[in-house]
Enquirer: 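Below you'll find the structure I mean.
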Amino acid sequence: MSTRLSSLTTLRVGGPVGSYTVADSREDLINRVRAADAGGGPLLVIGGGSNLLAADAPFNGVVVRDGRHETRVLGEGGCAGTAAEGGAPGGVLVRASAGTPWDAFVSWTLDQGLSGLEALSGIPGTVGASPVQNVGAYGHEVAETLDHVLVWDRQEEREARLSAQDLGFGYRTSVIKRSLSADWGPTGRWVVLDAVFRLERSALSAPVLYGELARRIGARAGERAQARLVREAVLALRAGKGMVLDDADHDTWSAGSFFTNPILSADEADALPAGAPRFPAGDGRVKTSAAWLIDHAGFTKGFALPEAGDPPRASLSTKHVLALTNRGGAAASDIEALARAVRAGVRRAYGVDLVPEPVAVGIAW
């Protein structure tokens, strides 16, 4: 067990693994997954490790990283290549291998003159993880542009194609994420091989929906702007919140936003203080801000537990209360203790149960 999950995750915590390999081709990735499943032990297919909290205890299974970084324009509208991929006419289809770093892919799409993903700039991780989590930021999410994914179905032991509709997207979830269970472990039933997106050939962004971003670029909410300008503004905003990876900045030694924004019933939302954010979430439900709840429950930027040491091994980010950070010497147990303390405090203050966003390996919430 020479490799530790702490070396494979952005939180930089996690115990040793039984076996670690990097797949350098599609066939290699499938074969490694099949071999792990045949062996009967747990399997963890890892991308950038940016949405993962792994326990300090050993992971006695197989960890596989997808080492492929491949991108390709398939075709425009009804052009050659589109029909072969099964997409509907309209827009430009692009495909990326699951191991491709997400932000590099976003940058590449802009280099191709394509827009639609610019608001998702700076999100760490890989293309393969993006549909699992239905990643989103600044008013947009992957579900808006994803056409389909090509996957390895571990149950049926075959390759398959899942459309955006098949994926059953919700707020920070998909059918793949919902398949994470005792049966399938931290990877789930489907392993993403490639993702295909439908983008627009335009220098203009998708509508700018987030007020903070609109103000940053001098636009009105709902307007379109130069896609590259939107990307630059998003990267600057994320960096200011410690949400762009930087080895020298411990505020970025995190898993990004650690808790999802709670979606409440109308009665639950009414019970919150008048100043709590409220956004329609559909079906009469209301979304509120996890960051607001954390801050107003007394967990301010830089908060650390007394037992975390001085200086603390783990704390909330000094830039954003929604990120739990490793200050340089944290163990997974330090991050877990901090997360449990924040959850308990918010529950006491507002009766709301915060839901951790990262995939937990060896930790049960």
Enquirer: Could you tell me which non-hydrogen atom of Thr187 sits nearest to which non-hydrogen atom of Leu43, and how far apart they are?
Expert: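 Shortest heavy-atom contact: OG1-O, 3.4 Å.
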
Enquirer: Which pair of heavy atoms, one from Ala233 and one from Leu213, lies closest together, and at what distance?
Expert: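 Smallest heavy-atom distance, with atoms named: CB-CD1, 3.7 Å.
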
Enquirer: Should Ile335 and Phe258 count as side-chain neighbours, where that means a heavy-atom distance under 4.5 Å?
Expert: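 Of all side-chain heavy-atom pairs linking Phe258 with Ile335, at least one is under 4.5 Å.
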
Enquirer: Any heavy-atom pair between the side chains of Gln112 and Val94 that's under 4.5 Å?
Expert: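 Val94 vs Gln112: side chains apart.
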
Enquirer: Taking the six-membered ring for Trp, are Phe197 and Trp102 ring centroids under 6.0 Å apart?
Expert: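 They qualify: ring centres under 6.0 Å apart.
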
Enquirer: How far apart are the closest heavy atoms of Arg68 and Ser25, and which atoms are they?
Expert: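 Answer, listing the atom of Arg68 first, then Ser25: CD-C, 3.5 Å.
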
Enquirer: Donor-acceptor check, side chain of Thr318 to backbone of Lys301, threshold 3.5 angstrom: yes or no?
Expert: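 Side chain of Thr318 to backbone of Lys301, a donor-acceptor pair under 3.5 Å: no, none is there.
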
Enquirer: Counting distance only, does the side-chain N/O of Arg327 pair as donor-acceptor with the main-chain N or O of Trp253 below 3.5 Å?
Expert: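 A pair under 3.5 Å: no.
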
Enquirer: Is it true that the side chains of Asn134 and Ser174 contain a donor and an acceptor less than 3.5 Å apart?
Expert: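 Not at all, the side chains of Asn134 and Ser174 share no donor-acceptor pair under 3.5 Å.
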
Enquirer: Among Gln226, Glu118, His140, find the residue that satisfies the side chain to side chain contact (heavy atoms under 4.5 Å, CB included) test when tested with Ser205.
Expert: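 Per the side chain to side chain contact (heavy atoms under 4.5 Å, CB included) rule, the option paired with Ser205 is Glu118, out of Gln226, Glu118, His140.
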
Enquirer: Could you tell me which non-hydrogen atom of Arg12 sits nearest to which non-hydrogen atom of Asp247, and how far apart they are?
Expert: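 Of all heavy-atom pairs spanning Arg12 and Asp247, the closest is NH2-OD1, 2.8 Å.
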
Enquirer: What orientation do Phe303 and Phe299 show, parallel under 30°, tilted 30 to 60°, or perpendicular over 60°?
Expert: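 Phe303 and Phe299: perpendicular rings.
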
Enquirer: Which residue in the set Ile46, Thr126, Thr21, Val45 passes side chain to side chain contact (heavy atoms under 4.5 Å, CB included) when paired with Arg65?
Expert: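 With Arg65 as partner, side chain to side chain contact (heavy atoms under 4.5 Å, CB included) holds for just one option, Ile46.
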
Enquirer: Are Leu322 and Ile294 side-chain neighbours, meaning at least one heavy-atom pair lies under 4.5 Å?
Expert: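 Yes. Closest side-chain heavy atoms under 4.5 Å.
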
Enquirer: Output the distance between atom CE (Met243) and atom CZ (Arg238), rounded to the nearest 0.5 Å.
Expert: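 That separation rounds to 7.0 Å.
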
Enquirer: Before accepting this row, confirm whether a basic side-chain N of the pair Arg189/Asp153 lies closer than 4.0 Å to the acidic partner's carboxylate O.
Expert: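 Judged by the 4.0 Å cut-off on N to carboxylate O distance, Arg189 and Asp153 do form a salt bridge.
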
Enquirer: Less than 4.0 angstrom from a charged side-chain N to a carboxylate O is my criterion; do Glu70 and Arg26 meet it?
Expert: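 Not counted as a salt bridge, because no side-chain N and carboxylate O are separated by less than 4.0 Å.
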
Enquirer: Are Pro358 and Leu52 packed together at the side-chain level, in the sense that at least one heavy-atom pair is separated by less than 4.5 angstrom?
Expert: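 No. Closest side-chain heavy atoms not under 4.5 Å.
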
Enquirer: Quiz question: by atom type and distance under 3.5 Å, do the side chains of Ser317 and Asp251 form a donor-acceptor pair?
Expert: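 Short answer, yes.
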
Enquirer: Okay, side chain of Thr145, backbone of Gly116: is any donor-acceptor separation there less than 3.5 Å?
Expert: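 No.
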
Enquirer: Taking all non-hydrogen atoms of both residues into account, name the closest pair between Ala339 and Trp365 and its distance.
Expert: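 Ala339 and Trp365 have their closest heavy atoms at CB-CH2, 3.7 Å.
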
